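A short write-up of the structure that comes next.
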Amino acid sequence: MQVNLENTTKKLCVIGDPVLHSKSPLIHNTMLSALGLDYIYLCQSVPRGQAAEWLKCAKCAAYAGFNATMPHKEELFPLMDETDSDAALFRSVNTVCIRDGRAYGYNTDGRGFIRSLVDLGTSPEGKTVLLLGAGGAARAVALKLAQQGALKVLVCNRTVEKAAVLCASDPLDRLIPAPFDGGTLRRLAEEADLVVNCTSLGMAGTSGQFEDFSFLEALRPGAPVLDLIYAPAETELLRRAKALGHPTANGLGMLVYQAVFALEHFTDTPIDPAAMLALLRPVLGL
């Protein structure tokens with residue numbers, strides 16, 4: 001990709017530890033080029049525990065803003081001068097805009113996920129959701145589902161205590177912790193209108209996989225199954241769900257849409273999410 005730098009070019013980046021594997025520079029620079037915006041998006045490794053030091057450096061280096069991935073999202077939250085409602089709900093920041101020396105924190109993960117549900121032709125309102133996992137991504141998804149009207153979100157995790165901590169952070173009291181064993185998953189699947197996998201099970205480059213897929217057979221007919229994993233494009237979970245007739249989607253939509261909403265904050269420019277997904281799908285090879 002050819003990037004032209006001018007003295008007026010504004011700097012953006014993604015920070016994390018590790019971060020060199022991130023697709024954010026490719027995603028954002030592709031969008032910036034297509035939109036004709038005078039920004040450059042970089043990648044910056046920032047060790048765990050040094051988010052505060054990085055924020056000072058970013059201000060001194062006149063960055064327009066940056067995205068954050070693990071392990072910095074929660075650490076950045078109390079460092080912000082102002083946050084949006086989602087960052088406050090999740091107590092986590094993935095997008096920081098720097099304006100006149102002040103840091104404005106946003107979290108676009110939840111919005112990105114909800115927009116990906118639109119592509120599946122569904123919404124959370126009135127739904128019972130079977131959510132697998134209790135990590136950072138699961139937290140944003142679960143709390144956003146509750147905020148957007150899910151009847152209840154059944155949060156299944158191998159360490160039930162971790163699921164309970166996540167559920168306790170829900171101000172609407174719609175999140176319910178549960179274990180991750182096969183019997184529990186089958187029982188809960190019987191009442192689920194939507195399944196969301198927020199674990200790394202089935203991800204390319206990892207050895208972890210679901211031990212038992214039989215819970216999919218207990219799902220209500222037509223219940224969508226969404227996997228936040230985007231590599232491979234079709235996990236074994238999605239392949240089996242599709243074979244049973246369930247609508248499926250991977251995590252590419254959420255990946256792109258959260259970036260689109262972040263770029264809107266950075267540039268104060270409205271962006272068409274569907275157009276960016278169509279643009280980026282071949283670029284990412286997914």
Side-chain angles (χ1 to χ4, degrees), residues 9-19 21-32 35 37-46 48 50-59 61-116 135-141 143-144 147-148 228 230 251-273 276-277 280:
T9 301
K10 298 177 182 177
K11 298 188 295 293
L12 301 167
C13 77
V14 58
I15 67 168
D17 182 20
V19 76
H21 66 286
S22 175
K23 294 186 183 295
S24 290
L26 176 59
I27 291 171
H28 282 271
N29 285 320
T30 299
M31 292 194 294
L32 289 165
L35 295 166
L37 297 172
D38 189 19
Y39 289 79
I40 181 68
Y41 192 102
L42 307 168
C43 183
Q44 179 66 51
S45 179
V46 175
R48 180 185 293 272
Q50 294 188 15
E53 288 80 356
W54 162 253
L55 181 58
K56 293 177 184 176
C57 292
K59 290 178 179 179
Y63 272 79
F66 58 92
N67 288 120
T69 186
M70 295 299 292
H72 301 304
K73 293 183 180 183
E74 293 181 2
E75 184 183 351
L76 281 167
F77 176 73
L79 303 176
M80 299 295 101
D81 294 297
E82 293 183 27
T83 60
D84 72 348
S85 59
D86 275 3
L89 175 63
F90 308 153
R91 299 191 68 80
S92 171
V93 167
N94 79 334
T95 302
V96 178
C97 294
I98 300 173
R99 307 185 188 105
D100 299 322
R102 292 174 61 83
Y104 298 83
Y106 307 89
N107 195 307
T108 63
D109 288 333
R111 284 182 65 201
F113 171 75
I114 296 299
R115 180 61 178 78
S116 71
R139 178 182 178 85
V141 169
L143 291 171
K144 195 65 176 177
Q147 182 196 70
Q148 293 295 303
L228 297 195
Y230 54 83
L252 179 62
M254 180 177 174
L255 174 71
V256 171
Y257 295 142
Q258 62 83 22
V260 168
F261 299 139
L263 197 59
E264 287 185 330
H265 287 306
F266 290 142
T267 66
D268 197 25
T269 301
I271 303 172
D272 181 349
M276 291 300 103
L277 181 60
L280 285 161

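For the single chain, residues carry numbers from 1 onward in sequence order. This one's a predicted model, so the numbers in the text were calculated from it and none came from an experiment.
- Between I27 and A259, the closest heavy-atom pair is CG2-CB, 3.8 Å.
- Summarising the geometry of C13 relative to C43, their closest heavy-atom pair is CB-N, 4.3 Å, with the distance given to 0.1 Å.
- Applying the side-chain contact (heavy atoms from CB on, under 4.5 Å) rule to P71 yields the partners D17, R48; only residues at least two apart in sequence or on another chain are considered.
- Taking both residues in full, the closest heavy atoms of G253 and S116 are given as C-CB, 4.2 Å, listed atom of the first, atom of the second, then distance.
- Evaluation of the salt bridge (charged side-chain N to carboxylate O under 4.0 Å, His left out) rule for E264 yields no partner, not counting sequence neighbours.
- Side chains of Q147 and K144 form a contact here, defined as non-hydrogen atoms less than 4.5 Å apart.
- Applying the ring-ring contact (aromatic ring centres under 6.0 Å, His included) test to pairs two or more places apart or on separate chains, those with a residue in residues 62-91 are W54-Y63, W54-F66.
- Qualifying side-chain contact (heavy atoms from CB on, under 4.5 Å) partners for L277, counting only residues two or more places apart in sequence or in other chains: D119, L252, V256, Y257, R281.
- K73 places no side-chain N or O within donor-acceptor distance of the main-chain N or O of G136, the cut-off being under 3.5 Å.
- When side chains are defined from C-beta on, Y104 does not count as touching D84, because their heavy atoms never get closer than 4.5 Å.
- In terms of heavy-atom proximity, Y230 sits nearest to G251 at CB-C, 3.9 Å.
- The salt bridge (charged side-chain N to carboxylate O under 4.0 Å, His left out) check on R102 picks up E82, with sequence neighbours excluded.
- Residues M276 and L263 have side chains not in contact (no heavy-atom distance under 4.5 Å, counting atoms from C-beta outward).
- The CE atom of M70 sits 12.0 Å away from atom CD1 of I15, with the distance rounded to the nearest 0.5 Å.
- Contact check for M254 versus D109: side-chain heavy atoms found under the 4.5 Å cut-off.
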* Starting from the C-alpha separation in whole Å, work towards a yes-or-no answer on side chain to side chain contact (heavy atoms under 4.5 Å, CB included) for L228 and V141. => CA-CA 10 Å; L228 297 195; V141 169; 4.1 Å; yes

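- The main-chain N or O of N67 is never found under 3.5 Å from a side-chain atom of N94 such that the two would form a donor-acceptor pair.
- Contact between K11 and A62 at its shortest, heavy atoms only, is NZ-O, 4.0 Å.
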* To do: Would you sort out whether V260 and R115 count as a side chain to side chain contact (heavy atoms under 4.5 Å, CB included), showing the intermediate values?
  => CA-CA 11 Å; V260 168; R115 180 61 178 78; over 6 Å; no

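- When side chains are defined from C-beta on, L12 does not count as touching H28, because their heavy atoms never get closer than 4.5 Å.
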* Could you please spell out the steps behind the side chain to side chain contact (heavy atoms under 4.5 Å, CB included) verdict for E53 and V46? => CA-CA 9 Å; E53 288 80 356; V46 175; over 6 Å; no

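- Considering CG of D81 and CG of D100, their distance stands at 11.0 Å, rounded to 0.5 Å.
- Scanning both residues, V93 and A68, for their nearest heavy atoms gives O-CB, 4.0 Å.
- The closest side-chain heavy-atom distance from L79 to V96 is not below 4.5 Å.
- Rounded to the nearest 0.5 Å, atoms CZ (R91) and CG (N107) are 12.5 Å apart.
- For F113, there are no ring pair (Phe, Tyr, Trp, His ring centres under 6.0 Å) partners at least two apart in sequence or on another chain.
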